Protein chains: 4
Amino acid sequence: MVDFRSDNVKGAAPEILAALAEANTGTAAPYGDDALTARLQDRFREVFETDCTVFPVATGTAANVLGLSVMTPSYGAIYCHKDSHINVDECGAPELYSGGAKLVALPGADAKLSAAQLAEVLAEGGAGVVHHVQPAAISLTQASEAGTVYRVEEVAAIAEVARAHGLGLQMDGARFANALVTLGCSPAEATWKAGVDALAFGGTKNGCFCAEAVVVFRPELAATLPYRRKRGGHLFSKLRFLSAQLEAYLKDDLWLRLARHANGRARDLAEGLAALPGVEILHPVEANEIFARLPQGLAERLRGQGFTFYDWAAAGPGAVRLITAFDSKPEEVATFLAAARAGLGVEAVAEAEAEPA
Amino acid sequence: MVDFRSDNVKGAAPEILAALAEANTGTAAPYGDDALTARLQDRFREVFETDCTVFPVATGTAANVLGLSVMTPSYGAIYCHKDSHINVDECGAPELYSGGAKLVALPGADAKLSAAQLAEVLAEGGAGVVHHVQPAAISLTQASEAGTVYRVEEVAAIAEVARAHGLGLQMDGARFANALVTLGCSPAEATWKAGVDALAFGGTKNGCFCAEAVVVFRPELAATLPYRRKRGGHLFSKLRFLSAQLEAYLKDDLWLRLARHANGRARDLAEGLAALPGVEILHPVEANEIFARLPQGLAERLRGQGFTFYDWAAAGPGAVRLITAFDSKPEEVATFLAAARAGLGVEAVAEAEAEPA
Amino acid sequence: MVDFRSDNVKGAAPEILAALAEANTGTAAPYGDDALTARLQDRFREVFETDCTVFPVATGTAANVLGLSVMTPSYGAIYCHKDSHINVDECGAPELYSGGAKLVALPGADAKLSAAQLAEVLAEGGAGVVHHVQPAAISLTQASEAGTVYRVEEVAAIAEVARAHGLGLQMDGARFANALVTLGCSPAEATWKAGVDALAFGGTKNGCFCAEAVVVFRPELAATLPYRRKRGGHLFSKLRFLSAQLEAYLKDDLWLRLARHANGRARDLAEGLAALPGVEILHPVEANEIFARLPQGLAERLRGQGFTFYDWAAAGPGAVRLITAFDSKPEEVATFLAAARAGLGVEAVAEAEAEPA
Amino acid sequence: MVDFRSDNVKGAAPEILAALAEANTGTAAPYGDDALTARLQDRFREVFETDCTVFPVATGTAANVLGLSVMTPSYGAIYCHKDSHINVDECGAPELYSGGAKLVALPGADAKLSAAQLAEVLAEGGAGVVHHVQPAAISLTQASEAGTVYRVEEVAAIAEVARAHGLGLQMDGARFANALVTLGCSPAEATWKAGVDALAFGGTKNGCFCAEAVVVFRPELAATLPYRRKRGGHLFSKLRFLSAQLEAYLKDDLWLRLARHANGRARDLAEGLAALPGVEILHPVEANEIFARLPQGLAERLRGQGFTFYDWAAAGPGAVRLITAFDSKPEEVATFLAAARAGLGVEAVAEAEAEPA
């Protein structure tokens, strides 16, 4: 079965499983006081080329809301895209962890916010007016919910607005690796050098069992995070098994290789689809997600042949989402495209065109 | 190194690792909508012989506070032992998940509450008085923080008090398996048949990587738990890897075998220690925890030889805690006892006594 | 000085002050267990012709959020107009009192929501989907933030949508009296008969010192409100002095007379302004608020003469808000209009036109 | 009827009512931006001889929890007496306003904490240990729930412990005036000079309708309080009517005169009771509260004659609480004592003894 529903329908990469097995020997101090977790801190500091603090957790929701919680008081406002995961898909987790802050949901093409937009919104944000929640944080999703990627200069411009108004800048990086390989810059350039204060560094979608990390780039923001993590129930007693996943994930650039692979398959798939009559690609494909509108009946026909993917009602009738993953096979993409072509009755033509003269 | 610091310094049992590897194939619907998790529901219903609802989570804190959250309003009171994990060691997690409820910390020998005590406290609990937080739940730890075990009739008597006052009964079962094998009764008898409404079913300390479950025995309490779990950041996207651990844990009574083993080693260790001059066992050893007061200097000498365990200041000078685990080896116990005897200079006598006539 | 900034810049009506003085004799049980408060319950039941429960509080914010808190779980969503007081001007109070619920801010002409709009939004509201906050309540402002009034049938239609989706319906009635006299119906018809579950009944803006009431029309919603009020710090020890204000407010229809007076002055003012060249009335004037766009320079000139009122930047350049109150004098309106006419240089013409032939 | 149930069964002093009437003219900016409230700031700074910040609110609960909220994070611990109002009688308000902090309830004779006790408790308070809530604040009640008064040096010693551990010191001064006149020192000496960071300054019990104030002595603690007050629903739109009460309360030392009167009546009453056979005074009478154990049947007989007061079950059988107020008349005390003497059949003797030779 070819499964493009999500990258979270997949299991873990073999290297991650091996790391778990390897870490499963001897004993170790619990709650993160172990050597492996200490090593991981150093590893993250190397990777991000700065003195960041790293808090391994198991879910993206935890990674997001813990990062936000250290920059948002209970009477604060968090500015985010209206389609962002924190606004739509976390059942109010940011509100719980901030003690009841308000998410200010903003529009924006391709699920992205812009510095100009934020500057305008914040100019009337009510800072200092006792009746209004107080501007506290901006949250960006990288890669975005539309599979697009903020350019480094876009992040930097938004960070400048954040700084000018005294706000924190949080990045939801559930698909950070996928964004990074597209940007082709260093992890540092993509984050703190561009002004990001806290990153939810995703591992799960890109080949871990359950491993994310809150990476905090400003020491003063890291101070209270341990208590908030514990209080949220997110401090693992056998924390080294999260750390082991992340260590293996970073080792020899595994994370980048996996993401590059996933993005490559998405590109192949998108290009193949774009070439088909009546197919509309709805957003630039810059990571491992494709949003497309398919000609009537095609989705149904593909599903009938065992391909799985989600309808995306929010994007209107006929819209679907296809996600490739770290282990999506080229032949899966090829099979899918072939079936699509067949489904549209363009097989012969397509094959003929594809044939060398 | 012989390590008696805690059962959470250990890794996972081989069966658990194998289950993880086995589940790591193919794709599966995320967020618990997978076949393995569905199977797990059925499995728990078999094990507990009732129509319970099971929510796999990764930490004991999450399992405890989610169970409490469905029976405690923000203006509620939770009655618990003053040494209980929820009161002392969760950094206020019950308060976070209940929206600010109050934990009423009660004393009690061997870290246990009694029905008579609770009846007396609740008689003056302020139910219906608007100035007071409203009695909402009782939480018991099974096995307790002192390594003791509530007898089934003790739980039932407390449950009767709970019912009489309209309170829920939650059980912190981080070491539920260890308690159960001591009780020698069925899981059903130890829980819902005795009146427990929600159980935090522990797997991590007894051989899982990270796997616990909220087991809810009253359907109406289960209704809002999914939202609370998600909102807390505890709904895993690749949930099947928690379910896989729990399935293997329950398979062929692995959980009971592991707990029986741990308890056996604790009993051996406790008996050996009790036979030593000047050693005082502080609580009945009914699970896998030993609290003992050692003669001056002994703890230090043992540590000098590489044995690790915690001082237990709360129990006064000289007190230590020793915890055995699912994989503690008989020879580890023997080595420890031998070193203790040597440390006290009673080796010769002890050996002579031990010799057959 | 003629002051049209707000109805809350005014003091209390003489009858309210007299009631306070009259209640200031003897002793009375505290925290609402007094005879005056008991009498008030009956009085409200007469006025609303139903077995409602009444909770006097001192601020509109408290009245709103306590009413919402009994129908909204922490993982709930409250649907409201984007300009509503609860969304914009309570610094996150609904979030605090609900334990972190999310306000879903919706657009709507004249600061009103519609049944059709809500039906459409709720059709995709994510009920039952664990990732989304769960639809819990709709909040209407009556009179609205634009000074408009929901017709009874509009409220009823919205209530039908609420019921169909299992939501509660809360009404922010900070200016309920002003709305009611416009509707010309009974308090019952304007509220529970139309499907309202909880009303924030305003007294402060319409002639009290500080007196509002949460009026709850469904007994099951009233059950937990006493604890929430106390917990919020809103249970007055000398509660009878809030009750005394409300009793006087209701006596001999004082509240309706005061509101009728305020609305009348607003109508006069609006008609006078509408007749002036270049003045645009921005919303129908249905209560005691006028939103108008004034010709350039006029606002400044009026202020120079001592008239006070607010600019209303949200409505664009030149927009102002004028609010009349229970004690606004006809001559204040006349003076203001005369000054406006003079400011526009239309005095002569206007007077000529106004003269009888 | 002679009513010793509480000081909150009384109305307001005539001066307070007069101030309300006087303030009820003209218009004023709402939400505290008025001249009267500005004046009140200055007045408090004079009275407390320092640059404090004052936030008028209407209830003691609000004054307490807002003060605590600025010094206690959600993962914080507040140390207080087990009988304190914040622990027992506010239905969890401190938990709500702190986002779920934990109140650590401590014992202590005469409802008072001691510096030595707090030093001992804090030595094991778990500061820096991620599993434990973090020590954040100490709360003292002045006068205490037993009607006793902390001496200035007792407060100072506790403040020193607080400072040594980085905690804030909050004072519940619902009966601050009663304590102050007993201490005979200045308001400054009783508070910030002794190390108090935030005071809940009570007016309601001592002759106001509803007027308290959060007085914050450290500017950095005052910064976020406006938002918290608003968010709690405690920012009055017509705030000047709270300010007017407080201004009159402070004017010409009215507050001290009223408290001195109440305390004097309590002293008379306590001395009279102490002279009676079988009456036991349970705590030193240092403010306006008397806790006494009466001989069997006496309470009932007194109530039969129309005297009202509360039984105090917490102090054992036969215990009662008697509270005098700002307007308790000497003849009320005399009548009560005469009835008590008569009730005990000691009238003749007592009168004979009382007669001059």
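Throughout, a chain's letter reflects where its sequence line sits, starting with A, and its residues are numbered from 1. As the structure is a computational prediction, the values presented were derived from the model and not from experiment. Values below: all heavy atoms of this structure, side chains included; hydrogens, waters and symmetry mates excluded.
With no hydrogens or angles considered, no side-chain donor-acceptor pair links Ser237(D) and Asn8(C) at under 3.5 Å.
Between Phe209(C) and Phe241(D), the angle of the ring planes goes over 60°, which puts this pair in the perpendicular group of the 30/60° scheme.
Interatomic distance, Thr27(D) OG1 to Asp327(C) CG, rounded to the nearest 0.5 Å: 9.5 Å. Rounding to the nearest 0.5 Å places CD of Glu90(D) at 6.0 Å from NZ of Lys230(C).
Neither the backbone nor the side chain of Ser6(C) comes within less than 4.5 Å of any heavy atom of chain D. Contact of Arg228(D) with chain C is not made at all, since no heavy-atom distance falls under 4.5 Å. At a 4.5 Å heavy-atom cutoff, the contact between Asp89(D) and chain C is made by backbone atoms alone. Neither the backbone nor the side chain of Leu66(D) comes within less than 4.5 Å of any heavy atom in chain C. With a 4.5 Å cut-off on non-hydrogen atoms, Asp7(D) touches chain C through its backbone but not through its side chain.
Summarising the geometry of Ala12(D) relative to Asn24(C), their closest heavy-atom pair is N-OD1, 2.7 Å, with the distance given to 0.1 Å.
For the set Val9(D), Thr59(D), Thr61(D), the entry with the most heavy-atom pairs within less than 4.5 Å of chain C is Val9(D). The most heavy-atom pairs under 4.5 Å with chain D, out of Gly100(C), Gly232(C), Pro94(C), come from Gly232(C). Most heavy-atom pairs under 4.5 Å with chain C: of the set Leu17(D), Asp3(D), Leu96(D), this distinction falls to Leu96(D). When each of Ala62(C), Pro30(C), Gly99(C) is checked for heavy-atom pairs under 4.5 Å with chain D, Pro30(C) comes out on top.
For Lys238(D) (side chain) and Gly11(C) (main-chain N/O), a donor-acceptor pair under 3.5 Å exists by modelled atom type.
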